[in-house]
Amino acid sequence: MDFFSNIIKAKKNIANDVSIRTGMNIAFGIDAEFALGMGVLMTSIVKNNPGTNIVFHIFTDKLNSADINCLALLGQEYKTVAVYIYYIDGDKFSHLPILFTWSKAIYYRFIICGELQNKTDKCLYLDSDILCLQPLKKLFQIDLDGVVSAVAADYDFMTGYAKKNLGFTGEKYFNSGMMLINVDEWNKNHISEQSITMLQQKSNFKFYDQDVLNMLLADKILFLPHCYNMIYHLADMNENPADDTVFLHYSGSVKPWQSWGQFHFLTSLWIKYQMMSPWKAVSIQNPNTYKQAKFMARTMKKTGNFKGWLKWSCLYGLWKLRKKI
């Protein structure tokens, strides 16, 4: 049986009636934990593209009622925005590999193009730990004829990693957090089906969906300037992003909506957009696992808060011990 058969259990547009054929189609694959990040990203997109017809597509196994209400409020405030929610059967992905920082929702992107076939030519996929800082008109005008996707390169060392460990033959390894996708070419090349097969058959992938996509699309992509996916690690970077940055990607294990990410000056930019959004009253996330407590302890040490470092170091040890018992 086709892996993707009957994978969408229900779908609904909870905002405005905007044409999928003519609008900017932007898709996300999330679980409930990333709804806040996605919501602030959506707000930043709308704010930087005023008056533009935008169709958001959210592929998820679950959303909390509060987040659904916020999404509806976004549609009420911006009449050129549609918000489609696709409730999917997440259990189909339960056998695929995950990490503590990545849930099975990283694989929900593989549903997008099958659903949008014959509805639109292009779709922009975005991770939810991103901000949009510029208009997207030029991006959506890029010609994708003959390629599956337009992407931006990852760090140079990632190309070395892929060549050494995966037998990667492409020019450069790309970051899959931003992909402008040629829907027809994606489906003609059976990218989703091949991705699932590779993930089921091989175990040497470290970055799972991203590794698979790099292997499959090595000669089928168009590279864009880094401004379209400015990768930024709050944990160990301090420079300002370039002025022409279109998408600021808060990559890595520290996010701006987490309490252990509040030390960084670029968190305030994310907070700025949160305060413009229907999610403005949502509290910053506090640690609730031993690994998150470890991140918090590191933040306390970095900012010179000895009492905080001691508190979270002790909680890290205690929570880790409880986990093992």
Side-chain angles (χ1 to χ4, degrees), residues 4 7-8 11-30 34 38-39 41-42 44-46 48-49 52-60 71 74-75 80-88 105-130 132 134-152 174-196 209-210 212-214 216-217 220-224 228-229 246-247 249:
F4 294 98
I7 200 164
I8 296 177
K11 71 176 180 179
K12 184 179 183 181
N13 179 12
I14 63 169
N16 305 290
D17 185 14
V18 178
S19 170
I20 295 178
R21 174 59 61 185
T22 60
M24 283 185 180
N25 289 277
I26 303 174
F28 314 95
I30 68 160
F34 269 78
M38 179 195 67
L41 168 56
M42 292 168 70
S44 71
I45 291 171
V46 174
N48 285 290
N49 295 271
T52 302
N53 288 339
I54 301 173
V55 185
F56 291 118
H57 304 269
I58 303 167
F59 293 80
T60 183
L71 289 166
L74 190 70
T80 59
V81 170
V83 180
Y84 284 88
I85 303 176
Y86 304 80
Y87 292 100
I88 63 107
I106 61 175
Y107 302 118
Y108 296 171
R109 72 173 71 203
F110 295 128
I111 307 172
I112 297 169
C113 288
E115 175 61 25
L116 296 184
Q117 179 69 36
N118 299 323
K119 297 177 182 177
T120 183
D121 298 327
K122 294 177 183 174
C123 180
L124 176 63
Y125 168 82
L126 294 172
D127 282 352
S128 296
D129 52 356
I130 288 175
C132 175
Q134 304 281 349
L136 300 180
K137 183 178 180 179
K138 288 184 179 179
L139 175 62
F140 274 87
Q141 288 176 338
I142 291 173
D143 185 1
L144 296 180
D145 186 40
V147 299
V148 173
S149 182
V151 297
F174 67 87
N175 183 282
S176 64
M178 187 290 302
M179 300 181 70
L180 182 65
I181 299 171
N182 182 332
V183 174
D184 288 340
E185 287 295 321
W186 180 287
N187 289 328
K188 285 178 183 177
N189 285 274
H190 306 288
I191 302 302
S192 293
E193 293 82 359
Q194 289 191 75
S195 295
I196 296 300
D209 56 319
Q210 183 168 270
V212 166
L213 287 170
N214 269 272
L216 290 173
L217 301 179
K220 299 178 178 67
I221 51 178
L222 171 68
F223 277 102
L224 302 176
Y228 285 108
N229 190 355
V246 177
F247 290 121
H249 189 175

Test item: [X] side-chain N/O and [Y] main-chain N/O as donor-acceptor pair under 3.5 Å:
| X | Y | result |
| --- | --- | --- |
| S149 | V151 | no |
| N182 | G146 | no |
| N49 | P135 | no |
| N13 | N16 | yes |

Of all the heavy-atom pairs spanning S176 and Q210, show the shortest one and how long it is. N-OE1, 2.9 Å
With sequence neighbours left out, write down each residue that passes salt bridge (charged side-chain N to carboxylate O under 4.0 Å, His left out) with K12, or none if nothing qualifies. none
Just to verify, what does K220 make a salt bridge (charged side-chain N to carboxylate O under 4.0 Å, His left out) with, not counting sequence neighbours? none
Could you check T22, N25, D184 and say which one makes a side chain to side chain donor-acceptor pair (under 3.5 Å) with T120? N25
Pair W186, S192: side-chain N/O donor-acceptor within cut-off below 3.5 Å: yes
Distance only, no hydrogens: is a donor on one side chain within 3.5 Å (strictly under) of an acceptor on the other, for Q117 and N187? yes
Parallel under 30°, tilted from 30 to 60°, perpendicular over 60°: which one fits the rings of H57 and Y84? parallel
Report yes if some heavy atom in the side chain of [X] is under 4.5 Å from a heavy atom in the side chain of [Y]; otherwise report no.
| X | Y | result |
| --- | --- | --- |
| V83 | V81 | yes |
| I8 | Y87 | no |
| I45 | I26 | yes |
| L213 | F174 | yes |
| M38 | L126 | no |

Electrostatic pair K122-D143, nearest N-O below 4.0 angstrom: no
For Y108, all residues meeting side-chain hydrogen bond (donor to acceptor under 3.5 Å, both in side chains), sequence neighbours excluded: D61
Between L222 and I142, is a side-chain contact (heavy atoms from CB on, under 4.5 Å) present by the stated rule, with each step listed? CA-CA 10 Å; L222 171 68; I142 291 173; 3.7 Å; yes
